[in-house]
Amino acid sequence: MSLTPDELLRYAPGKVRERAQPLRGQVTHRERQGEVVRARVRGSRPAPYRVRINLQNGEVSCSCPDEYNAVCKHAAATLLALRDDPTSFLPGTPPRRLPKVDGWADADVERLLDRLHGLYPEVVTDWARQLTHEGEEEWS
């Protein structure tokens, strides 16, 4: 049994849902593969946040630093976009590994990059920019 976006939005506090409203227009790279929805959401950092939602089991993850809410504002914005326009989520491809980080889980790499960004923002930004330009077709 699949969960609906509205059912998952109930796990987001009212303030989070309120803050997600203006972010609905910032949800890009919308894709769906079976019961898994993925998107990127432009936020306050240079790189967009990566959101993954499993509608089968309700698992929600985002690359943002919000550790307090089961559904962050980026995931809530993605759920709102899915609810309002489900056809905008195109059939996705299987998830791929981050380039040049063999053997690491994407979530671990993202946590490491977030920490490094706090210490050396210019290094992480330059690395991300290089990756973006190396694989424009993969990251566009």
Side-chain angles (χ1 to χ4, degrees):
M1 182 175 128
S2 189
L3 297 166
T4 67
D6 283 328
E7 288 171 327
L8 286 172
L9 279 167
R10 289 186 193 134
Y11 293 100
K15 191 75 165 167
V16 169
R17 289 192 307 270
E18 183 180 308
R19 293 178 70 201
Q21 290 293 333
L23 290 176
R24 287 168 33 193
Q26 303 299 318
V27 180
T28 63
H29 296 83
R30 301 171 183 199
E31 64 180 48
R32 182 172 183 167
Q33 186 176 20
E35 296 299 308
V36 176
V37 173
R38 288 185 179 80
R40 294 186 187 164
V41 182
R42 284 259 171 232
S44 57
R45 295 196 179 170
Y49 295 106
R50 297 171 65 175
V51 176
R52 180 183 182 279
I53 302 167
N54 185 325
L55 299 170
Q56 184 68 38
N57 63 16
E59 183 180 289
V60 176
S61 64
C62 180
S63 60
C64 78
D66 184 350
E67 298 176 0
Y68 303 104
N69 296 297
V71 176
C72 69
K73 65 184 179 182
H74 309 103
T78 302
L79 287 165
L80 290 168
L82 179 63
R83 180 192 68 193
D84 295 344
D85 189 8
T87 60
S88 69
F89 286 77
L90 303 175
T93 57
R96 64 176 182 76
R97 305 291 309 155
L98 288 172
K100 299 183 181 178
V101 195
D102 293 332
W104 284 53
D106 288 353
D108 292 335
V109 172
E110 288 171 358
R111 276 193 291 276
L112 174 63
L113 289 175
D114 279 342
R115 283 187 156 175
L116 287 173
H117 190 266
L119 297 171
Y120 308 102
E122 65 285 347
V123 172
V124 174
T125 301
D126 288 345
W127 186 72
R129 200 171 284 129
Q130 285 177 347
L131 287 176
T132 300
H133 293 303
E134 283 177 12
E136 283 291 341
E137 67 283 351
E138 291 184 34
W139 290 82
S140 60

Subject >> Heavy-atom pair of closest approach, residues Ala39 and Val27 >> reply: CB-CG1, 3.7 Å
**OP:** Find the distance between CZ (Arg42) and NE2 (His29) and round it off to the nearest 0.5 Å.
**Re:** 8.5 Å
Subject >> Test item: Pro13 and Asn69 side chains (from C-beta on) under 4.5 Å apart, heavy atoms >> reply: yes
Subject >> Verify same cluster id: Leu9, Tyr11 (apolar side-chain graph, 4.5 Å) >> reply: yes
**OP:** For side-chain contact (heavy atoms from CB on, under 4.5 Å), just list the numbers for Lys73 and Arg17, CA-CA rounded to whole Å, side-chain angles, deciding distance to a tenth of an Å, and then say yes or no.
**Re:** CA-CA 6 Å; Lys73 65 184 179 182; Arg17 289 192 307 270; over 6 Å; no
**OP:** Measure the CD-SG distance between Glu67 and Cys62 for me, rounded to the nearest 0.5 Å.
**Re:** 12.0 Å
Subject >> Close side-chain approach of Leu90 and Arg32, heavy atoms under 4.5 Å >> reply: no
Original post:
Measuring from Gln56:CD to Leu3:CG, what's the distance to the nearest 0.5 Å?
Top reply: 7.5 Å
Original post:
Can you tell me how far OG1 of Thr4 sits from CG of Leu55, rounded to the nearest 0.5 angstrom?
Top reply: 8.5 Å
Original post:
Between Ala76 and Val71, which heavy-atom pair has the shortest distance, and what is it?
Top reply: N-CG1, 3.7 Å
Original post:
Looking only at atom types and distance, does a side-chain atom of Gln21 sit under 3.5 Å from a main-chain N or O of Glu18, one as donor and one as acceptor?
Top reply: no
Subject >> Side chain Arg19, main chain Leu23, donor-acceptor under 3.5 Å >> reply: no
Original post:
For Arg30 and Ser88, does a side-chain donor sit closer than 3.5 Å to a side-chain acceptor?
Top reply: yes
Original post:
Atom CG of Asn54 and atom CZ of Arg38: how far apart are they, to the nearest 0.5 Å?
Top reply: 9.5 Å
Original post:
Taking side chain as C-beta onward, heavy atoms only, is Thr78 less than 4.5 Å from Ile53?
Top reply: yes
Original post:
Hey, does Val51 have a side-chain heavy atom less than 4.5 Å from the side chain of Arg40?
Top reply: no
Original post:
How many angstroms lie between atom CD of Glu35 and atom OG of Ser2, to the nearest 0.5 angstrom?
Top reply: 3.5 Å
**OP:** Search all heavy atoms of Ser63 against all heavy atoms of Tyr49 and return the closest pair with its distance.
**Re:** OG-CA, 3.3 Å
Subject >> Heavy-atom closest contact (Val16 atom, Cys72 atom, distance) >> reply: CG1-C, 3.5 Å
Original post:
Heavy-atom count around Arg83 CZ within 6.0 Å, excluding the residue itself: above 12?
Top reply: yes
